[in-house]
Amino acid sequence: NNIAQSIRTKMETGETVYALNYARTSTDSDEQKDSCDNQVAMCNIYLKRYPNVKLVEKPYIDKGISGKSDLGRGSFADMEKVLFSRAYYC
């Protein structure tokens, strides 16, 4: 069973879908200073549009951290622990 297909089916039938929100910027530059806030805001817009999607945790945010590696991405690691410790996904 494909996880993406299972989620799509739940979305189409109105069944509850549980979600986590992760936002990240690569640098602390002025150009990206609002990027994580904007990513979280976009998630909130999506959640309002799809009320059967439930955010189960606070947003996880890593500012100024490269996405090339999992190393040093504390919030990402915290999110993974939550994800893998609970059966949120299909």
Side-chain angles (χ1 to χ4, degrees):
N1 187 347
N2 182 313
I3 291 174
Q5 181 59 44
S6 179
I7 292 170
R8 191 173 309 119
T9 299
K10 287 181 179 184
M11 292 290 294
E12 291 169 356
T13 61
E15 192 175 337
T16 300
V17 175
Y18 297 100
L20 297 171
N21 182 3
Y22 176 70
R24 182 190 59 79
T25 57
S26 298
T27 68
D28 283 329
S29 69
D30 284 343
E31 293 84 24
Q32 291 191 348
K33 69 178 181 157
D34 296 325
S35 182
C36 285
D37 292 337
N38 292 338
Q39 292 172 50
V40 170
M42 290 301 295
C43 179
N44 290 334
I45 290 169
Y46 187 88
L47 292 171
K48 287 179 184 171
R49 184 173 177 192
Y50 297 98
N52 60 313
V53 179
K54 306 295 181 196
L55 195 62
V56 295
E57 297 282 335
K58 63 177 177 36
Y60 293 89
I61 299 172
D62 283 323
K63 291 185 178 184
I65 300 174
S66 173
K68 290 181 182 178
S69 167
D70 292 349
L71 299 175
R73 292 168 48 188
S75 288
F76 184 79
D78 291 344
M79 182 185 68
E80 282 186 315
K81 288 177 194 169
V82 168
L83 178 63
F84 295 122
S85 71
R86 300 179 187 164
Y88 286 130
Y89 55 91
C90 311

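Side chains included, hydrogens not; waters and symmetry mates left out as well; all remaining heavy atoms used. Only a predicted model underlies this, so the values are computations on that prediction, with no experimental measurement involved.
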> M79 and L20: which non-hydrogen atoms are nearest, and at how many Å?
Replying inline: CG-CD1, 3.7 Å
> Do other residues, nucleotides or ligands put more than 12 heavy atoms under 6.0 Å from the CE atom of M11?
Replying inline: yes
>> Check whether S6 reaches the backbone of N2 with its side chain - one donor and one acceptor, N or O, closer than 3.5 Å.
In response: no
> Shortest non-hydrogen contact from D62 to C36?
Replying inline: O-SG, 4.0 Å
> Roughly how far, to the nearest 0.5 Å, is the CZ atom of R8 from the OG1 atom of T13?
Replying inline: 12.5 Å
>> For the CD1 atom of I61 and the NZ atom of K63, what is their distance to the nearest 0.5 Å?
In response: 6.0 Å
>> Suppose we call two aromatic rings close when their centres sit under 6.0 Å apart. Are Y22 and F76 close by that rule?
In response: yes
> If we only count heavy atoms from C-beta on, is the Y60 to N21 side-chain gap below 4.5 Å?
Replying inline: no
> Within the side chain of D34, is there an N or O that forms a donor-acceptor pair under 3.5 Å with the backbone of D37?
Replying inline: no
> To the nearest 0.5 Å, how far apart are CE in M42 and CG in L47?
Replying inline: 11.5 Å
>> Testing the basics here: between S85 and V82, what is the closest heavy-atom pair and its distance to 0.1 Å?
In response: OG-O, 3.1 Å
>> Walk me through whether R24 and S26 qualify under side-chain hydrogen bond (donor to acceptor under 3.5 Å, both in side chains).
In response: CA-CA 7 Å; R24 182 190 59 79; S26 298; 3.2 Å; yes
> Cationic tip of K48 within the cone over Y50's six-membered ring, i.e. under 6.0 Å and within 45° of the normal?
Replying inline: no
